[in-house]
Amino acid sequence: MLSDNLTTLVSIGLVQLLAVISPGPSFLITAKTAVSRSSGDGIKLALGLGLGTVVWATAALLGLNALFAAMPMLFSAMKVMGALFLLWIALQIFRHAASPVDLEHAAGAGSQHLILKGFMTQLSNPKVVVFFGSVFVAMLPADPSPWMVAALVVIVTLNEVVWYSLVALFIGQAGVRARYLRAKTWIDRGTSVFLGGLGLRLLLSARS
């Protein structure tokens, strides 16, 4: 029984890790933070993403995905709020694309702001709770024990934090940062267009 539960936890962890690795808003925002500020600041943002994962995973375990299914308007409202948040970030990045980066003052500043930004970025996509809910229903036993539930939340959160911390450490290297600074305007504009596109897609899906 214990071995079956451990196998289930590992399986869910691997499925969710593959979803985390797939590029999306979290990847783009983490990468931009690391390359324009520092790897440390990218890791702070990753911690915020992890806190958002705790919320969505816990919500899925409590049946929020079922509530969304029963109340489609609530799900649509949350998607609209998430879309507006992504569009706001995209606008800010585009507005400041041509602005020079003051690395001396940017690095290490605003830790709480970065954690909150990561947290809000994760919460901006309510489809995460639907993903968790689907995976949990399909792979968890009907009545998981408290230790299994706690272990599951820890696993999916660590997946998020560790992956994006690794992204921040790699992209925040001096060589990568130097290349970014040379092409900052166009990279930031491309990032803003991509994030804006994701926000608009989320907004349109909410309407449908």
Side-chain angles (χ1 to χ4, degrees), residues 1-31 33 40 42-83 85-86 111-169 198 202 205-206:
M1 185 66 175
L2 177 61
S3 61
D4 290 341
N5 288 341
L6 291 176
T7 300
T8 298
L9 289 174
V10 170
S11 299
I12 294 175
L14 288 175
V15 169
Q16 187 252 350
L17 180 60
L18 292 174
V20 170
I21 291 173
S22 177
S26 299
F27 177 87
L28 288 175
I29 294 171
T30 302
T33 300
I43 291 173
K44 292 168 189 172
L45 191 133
L47 291 174
L49 293 171
L51 291 175
T53 300
V54 171
V55 172
W56 281 141
T58 303
L61 289 165
L62 293 176
L64 184 58
N65 57 310
L67 179 62
F68 281 162
M71 300 179 63
M73 289 298 294
L74 176 61
F75 185 49
S76 296
M78 293 199 68
K79 284 202 290 186
V80 168
M81 289 188 289
F85 178 72
L86 287 179
S111 299
Q112 292 181 343
H113 168 72
L114 289 170
I115 292 174
L116 178 60
K117 185 176 182 180
F119 180 71
M120 292 302 298
T121 297
Q122 188 71 327
L123 291 189
S124 71
N125 188 3
K127 289 183 178 180
V128 174
V129 76
V130 177
F131 168 80
F132 278 138
S134 301
V135 172
F136 293 168
V137 168
M139 302 182 72
L140 277 176
D143 187 22
S145 61
W147 77 263
M148 194 174 184
V149 169
L152 187 59
V153 173
V154 170
I155 288 170
V156 296
T157 301
L158 284 178
N159 277 346
E160 197 89 25
V161 173
V162 171
W163 169 251
Y164 288 115
S165 293
L166 290 175
V167 169
L169 288 170
L198 289 174
L202 192 59
S205 70

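The basis for the numbers below is simple: all heavy atoms, side chains too, and nothing from hydrogens, waters or symmetry mates.
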Atom pair CH2 (Trp56) and CG (Leu51), whose distance is rounded to the nearest 0.5 Å
14.0 Å
Could you tell me whether the side chain of Tyr164 and the main chain of Gly42 form a donor-acceptor pair under 3.5 Å?
no
When rounded to the nearest 0.5 angstrom, what distance separates CE in Met81 from OG in Ser76?
11.0 Å
For Leu9 and Ala151, work out which heavy atoms get closest and say how close.
CD1-CB, 3.9 Å
Nearest-0.5 Å distance, CD1 of residue Ile12 to CG of residue Leu152
5.0 Å
What heavy-atom pair brings Ala168 and Thr30 nearest, and what distance separates the two atoms?
CB-CG2, 4.2 Å
Leu86 and Pro25: which non-hydrogen atoms are nearest, and at how many Å?
CD2-CB, 4.0 Å
Shortest non-hydrogen contact from Gly52 to Gln122?
C-CG, 3.6 Å
Please find the pair of heavy atoms, one from Ala57 and one from Val156, that lie closest to each other, and give the distance.
CB-CG2, 3.8 Å
Please check if the side chain of Glu160 supplies one atom and the backbone of Thr53 the other of a donor-acceptor pair under 3.5 Å.
no
Side-chain heavy-atom pair Thr121, Phe85 within 4.5 angstrom cut-off:
yes
Are any non-hydrogen side-chain atoms of Ile29 and Lys117 less than 4.5 angstrom apart?
yes
Taken to the nearest 0.5 Å, the spacing of Ile21 CD1 from Gln16 CD works out to 9.5 Å
What residue among Val153, Asn159, Leu158 forms side-chain contact (heavy atoms from CB on, under 4.5 Å) with Ile155?
Asn159
Mind checking the CG-CD1 spacing from Leu49 to Ile43? Nearest 0.5 Å is all I need.
12.5 Å
CE/Met120 to CD1/Ile115 distance, rounded to the nearest 0.5 angstrom?
14.5 Å
Do Val15 and Phe131 have side chains that get closer than 4.5 Å, going by heavy atoms?
yes
